[in-house]
Amino acid sequence: TLVSRDNYSLFTPMLAEVASGGIEPSHIVNPIRATLKRTEFREGVVRRIDLESQVVETEHPQSHEPSTLLYDRLVIALGSVTNYRGLSGVKEHAFGLKTMADAQAIRDHVLSVLEQAALVDDPAQRACMLTVVIAGGGFSGAELCGALQDFISRALRLYPNIDPSEIRLVLAHPGPRILPEVGDELGEYAGAALTRRGVDVRLNTKVQSATAHSVTLGGDETILTHTLVWTAGTSPSPALKGIASAMAASPSAWGVLLEAKSLPLMRIS
């Protein structure tokens, strides 16, 4: 039995291409029911795991109808959720990039601000609308930044009263170079390539807070913008809360395979 929030598998590394209109959503999804024909599939969100009673409590994502599942063996592969680090206004006003809905919302929003800016004459208002801030220069943030820059450049052919020089993309990364997942040489090359394309790459810079129309960076610098995309951190699924202590306290927690982004794959036996 497989429990998943979505009835499709999603190739998340290409969400940036969906957000920038480079590919269609259908290109990176596959229906789970068609793929796993010998598996019972249940669409649901895992709310609680009771290791002592060997019960998983779930809830349907739309109807919120609760249900429970008994198990003999349990594999936990819930992945991660966006971590906004408790920063003021960020969760309320930033776009994430974890789901298909996130990617589509970013694309629709970028087109919306272009449409709005095309109707505004005030330079300050236009600058605010045409500024995009991306927090986090890892794989997701750097790829999204390049993809959006290309997407907006192509779209401007349809907006003759918006000059390309009015577009401002800011990539804020807390480390000394973007793409810390790869070697220094490749990370520095990627940063230089984005800079040559007109992206304002800010290294050793963290987002401190956000409002509907601004982002405050370290050093109390405020950037007026309608668009903040957050790719600067994740945390394990909330359903894992208390799992580690429960496994330590309960010998009956044997037979659990635990996989989360912040933990190595391990077998408890």
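Keep in mind that the numbers below use all heavy atoms, side chains included, and drop hydrogens, waters and symmetry copies.
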State, to 0.1 Å, how close [X] and [Y] come at their nearest heavy-atom pair, and which atoms those are.
X: V45; Y: P61; result: CG2-CB, 4.1 Å
X: D6; Y: F41; result: O-CZ, 3.4 Å
X: V81; Y: P236; result: CG2-O, 3.8 Å
X: G191; Y: V201; result: O-CG2, 4.1 Å
X: V18; Y: Q104; result: CG1-CG, 4.4 Å
X: G96; Y: I106; result: O-CD1, 3.6 Å

Side-chain polar contacts of residues 141-149 - donor-acceptor pairs under 3.5 angstrom, sequence neighbours left out - could you list them?
{"unit_1": "Q149", "atom_1": "OE1", "unit_2": "R197", "atom_2": "NE", "d": "3.1"}
{"unit_1": "Q149", "atom_1": "OE1", "unit_2": "R197", "atom_2": "NH2", "d": "2.8"}
{"unit_1": "Q149", "atom_1": "NE2", "unit_2": "R197", "atom_2": "O", "d": "3.1"}

Going hydrophobic residue to hydrophobic residue with side-chain gaps under 4.5 angstrom, can you get from [X] over to [Y]?
X: V46; Y: I32; answer: no
X: I243; Y: V55; answer: no
X: F139; Y: I28; answer: yes
X: L158; Y: I167; answer: yes
X: Y159; Y: V120; answer: no

Measuring only between side-chain heavy atoms, which start at C-beta, is E43 closer than 4.5 Å to Q62?
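E43 reaches Q62 side chain to side chain.
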Side chain proximity check, T205 to E221, heavy atoms < 4.5 angstrom:
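A side-chain contact under 4.5 Å is absent here.
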Criterion side-chain contact (heavy atoms from CB on, under 4.5 Å) on L51 and L74, from CA distance to verdict
CA-CA 9 Å; L51 295 179; L74 176 65; 4.3 Å; yes
Can you tell me if [X] has over 12 outside heavy atoms packed within less than 6.0 Å of its [atom1]?
X: D108; atom1: CG; value: yes
X: E185; atom1: CD; value: no
X: R5; atom1: CZ; value: no
X: D121; atom1: CG; value: no

Can you list, by chain and residue number, the hydrophobic cluster partners of V207 when the side-chain cut-off is 4.5 Å?
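Cluster partners of V207: Y84, L87, V90, V133, V170, V215, L217, I223, L228, W230.
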Using side-chain contact (heavy atoms from CB on, under 4.5 Å), reason through T131 and T227 one step at a time and then give a plain yes or no.
CA-CA 7 Å; T131 296; T227 311; over 6 Å; no
Kindly determine whether V132 and V113 satisfy side-chain contact (heavy atoms from CB on, under 4.5 Å), including the steps that lead there.
CA-CA 10 Å; V132 176; V113 294; 6.0 Å; no
Under a 3.5 Å cutoff, is there a donor and acceptor pairing between the side chains of T99 and D102?
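The criterion, which ignores hydrogens and geometry beyond distance, is satisfied for D102 and T99.
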Could I get the full list of side chain to side chain donor-acceptor pair (under 3.5 Å) partners for R33, not counting sequence neighbours?
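By the side chain to side chain donor-acceptor pair (under 3.5 Å) rule, R33 matches no residue at all.
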